[in-house]
Amino acid sequence: MIATGLDRLLEQPEALAGRRFGLLAHGASVTADLVPAHLALTAVGRRPALLLGPEHGFYGVEQDMVAAGDDRDPWTGAPIRSLYGDSPSSLRPGPEIFRDLDLLLVDLQDVGTRYYTYLATAVWAAIEALDGGCRVWVLDRPNPLGGEQVEGNLRRPGFESFVGAFPTPVRHGLTPGEMIRWRTEEEGLSEGLDVWPVEGWTPDRSWPDTGRPWMAPSPNMPSYETAVIYPGLCLLEATTLSEGRGTTRPFHLVGAPGLDGPELAGAIGDRQWRGIRPVPVRFRPQFQKHAGEVCEGVELVVTEPDGVEGYRTGVELLELLWERSGGEGFWREEPYEFVEDRPAVDLLAGTDELRRRLEEGEDLGSWIRSRAGEERSFREEIEPYLLYPRRGW
């Protein structure tokens, strides 16, 4: 069993004596005994003065791209400040939030994928706090996908967004502590930052090796297997097809009314994706895309999690679906994470190259293979900021 940064801090609560601190956390910020972080801290006499919640809210009750309001915790009485509201400015906390605090604790379980917005929130909050003279302690947690593998192209300049805040591969291999350490040092604001590392975790270990039950860090991340395919299947958010939101199997189900499920399953089978088996299905989303309609498509069943190449899977699935749509009405047209002037697929891919190659009928195989150089350059850049030695880097 590992000991997260939170577990380690709770073993020495005197470290918080005399400090007025805030806590940036969410529903998966729990102890080894599954006690929510703010309740565990309060139980040892260290009640947070302020709670901060990322996208989905402090308790994780809101769906994606739904604003969370400020609130008050009914269990401790602490005020809650939302860092995901109804405008881009709400994503970055103002300096006034930290004016009355000595310390900010950051305890967010990430899933190791660039699109997942928690680390953008964590980094921006840490930068604002440090810039205002407030210390920051990152209570580190493991990367559920492990830390040895990175996958995907880097986000290009000009494609910055909430789902592409930093120039990392899609699957970045970092823990929250490593990401925050890297980005704050890049901003020249590392003074006052401390990371409480995870004990007993090494980067060659994925989530099942931690010995801890999975707690959904967001409403549509119900299992470790979902996190495994998320680096690729999140790309479907940029299309008009359902990615399974509004069902009990988000990111595993893909479909739309009129799609031929058995034919798509056969085409996927021909690709021979490692660790994934396609099953033709019919399903009815209860909200979001095609709400109330019967969709036909596939369920992607993860059979061998360690073998899955999540981003490649998503790119190749996008190619298969594009071919079947003829390109008509394929891309999402609504604003995505507060951005109106770029297609959602460009924001997720971190470049317009993926979309352009699809639209121009070019083979994606060479583009997928070309990412190796970018993955290598990222490993070299991030090496000085790593907290846990990598064997494969």
Side-chain angles (χ1 to χ4, degrees), residues 4 6 22-31 33-42 47-93 97 104-111 113 115-122 124-125 139 141 144 162-163 176 212-227 230 233-234 237 242-253 284-289 291-292 334-338:
T4 66
L6 173 64
L23 172 66
L24 172 56
H26 58 183
S29 306
V30 296
T31 69
D33 294 327
L34 302 182
V35 179
H38 65 307
L39 298 185
L41 288 163
T42 300
R47 172 185 174 275
L50 177 68
L51 303 176
L52 298 102
E55 185 176 8
H56 308 294
F58 185 80
Y59 308 104
V61 300
E62 306 295 352
Q63 289 295 323
D64 65 309
M65 290 183 277
V66 175
D70 294 343
D71 203 350
R72 185 169 292 276
D73 176 43
W75 302 327
T76 65
I80 299 174
R81 181 68 178 265
S82 171
L83 298 184
Y84 190 88
D86 56 8
S87 68
S89 62
S90 69
L91 306 180
R92 292 178 178 264
I97 292 181
L104 172 66
L105 302 181
V106 178
D107 184 17
L108 292 173
Q109 179 63 64
D110 185 53
V111 298
T113 302
Y115 327 124
Y116 213 55
T117 60
Y118 291 150
L119 293 194
T121 296
W124 293 340
L139 308 181
R141 289 183 177 269
F162 196 38
V163 292
R212 297 171 77 112
W214 180 266
M215 294 287 294
S218 59
N220 290 285
M221 197 59 61
S223 69
Y224 163 65
E225 288 75 16
T226 310
Y230 180 74
L233 272 295
C234 184
E237 289 188 8
S242 170
E243 68 278 4
R245 290 184 187 269
T247 77
T248 59
R249 303 187 298 286
F251 301 111
H252 291 265
L253 294 177
R284 190 195 307 271
Q286 298 303 304
F287 54 84
Q288 294 206 4
K289 298 176 192 172
E334 300 87 351
Y336 187 72
E337 291 293 3
F338 305 109

request  = Flag the pair Trp214 / Pro144 as yes when at least one side-chain heavy-atom distance between them is below 4.5 Å, and no otherwise.
outcome  = yes
key: side chain to side chain contact (heavy atoms under 4.5 Å, CB included) between Leu91 and Thr121, intermediate numbers included   = CA-CA 7 Å; Leu91 306 180; Thr121 296; over 6 Å; no
remark   = When rounded to the nearest 0.5 Å, the distance separating CG of Asn220 from OG1 of Thr226 is 9.0 Å
key: Test ring-ring contact (aromatic ring centres under 6.0 Å, His included) applied to Phe338 and Tyr84, step by step   = CA-CA 11 Å; Phe338 305 109; Tyr84 190 88; 5.7 Å; yes
request  = Say whether, by atom type as modelled, one donor and one acceptor occur between the side chain of Thr117 and the main chain of Phe162 under 3.5 angstrom.
outcome  = no
ask   = Does some side-chain heavy atom of Pro176 sit less than 4.5 Å from a side-chain heavy atom of Leu119?
value = yes
query = Does the side chain of Leu24 come within less than 4.5 Å of Leu108's, by heavy atoms?
reply = yes
ask   = Got His56 and Tyr118 here, is their nearest side-chain heavy-atom distance under 4.5 Å?
value = yes
query = Taking side chain as C-beta onward, heavy atoms only, is His26 less than 4.5 Å from Gln109?
reply = yes
request  = Measure the acute angle between the ring planes of Tyr230 and Tyr116, then classify it against the limits of 30° and 60° as parallel, tilted or perpendicular.
outcome  = perpendicular
request  = Using a 4.5 Å cut-off on heavy atoms from C-beta on, say whether the side chain of Thr76 contacts that of Leu41.
outcome  = no
ask   = How far apart are the C-alpha atoms of Asp107 and Arg141, what are their side-chain angles, what is the distance that settles it, and do they pass the salt bridge (charged side-chain N to carboxylate O under 4.0 Å, His left out) test?
value = CA-CA 8 Å; Asp107 184 17; Arg141 289 183 177 269; 2.5 Å; yes
inquiry  = Just by distance, no angles: are the side chains of Asp64 and Gln288 close enough, under 3.5 Å, to form a donor-acceptor pair?
reply    = yes
request  = Would you mind reporting whether Tyr115 and Glu237 have side-chain heavy atoms less than 4.5 Å apart?
outcome  = no
inquiry  = Does Trp75 form a side chain to side chain contact (heavy atoms under 4.5 Å, CB included) with Thr42? I'd like the steps, not just the answer.
reply    = CA-CA 10 Å; Trp75 302 327; Thr42 300; over 6 Å; no
inquiry  = Considering only residues two or more places apart or on different chains, which pairs with a residue in residues 65-78 satisfy salt bridge (Lys or Arg N to Asp or Glu O under 4.0 Å)?
reply    = Asp70-Arg81
task = May I ask you to test the Leu34-Arg212 pair for a side-chain heavy-atom distance under 4.5 Å?
result = no
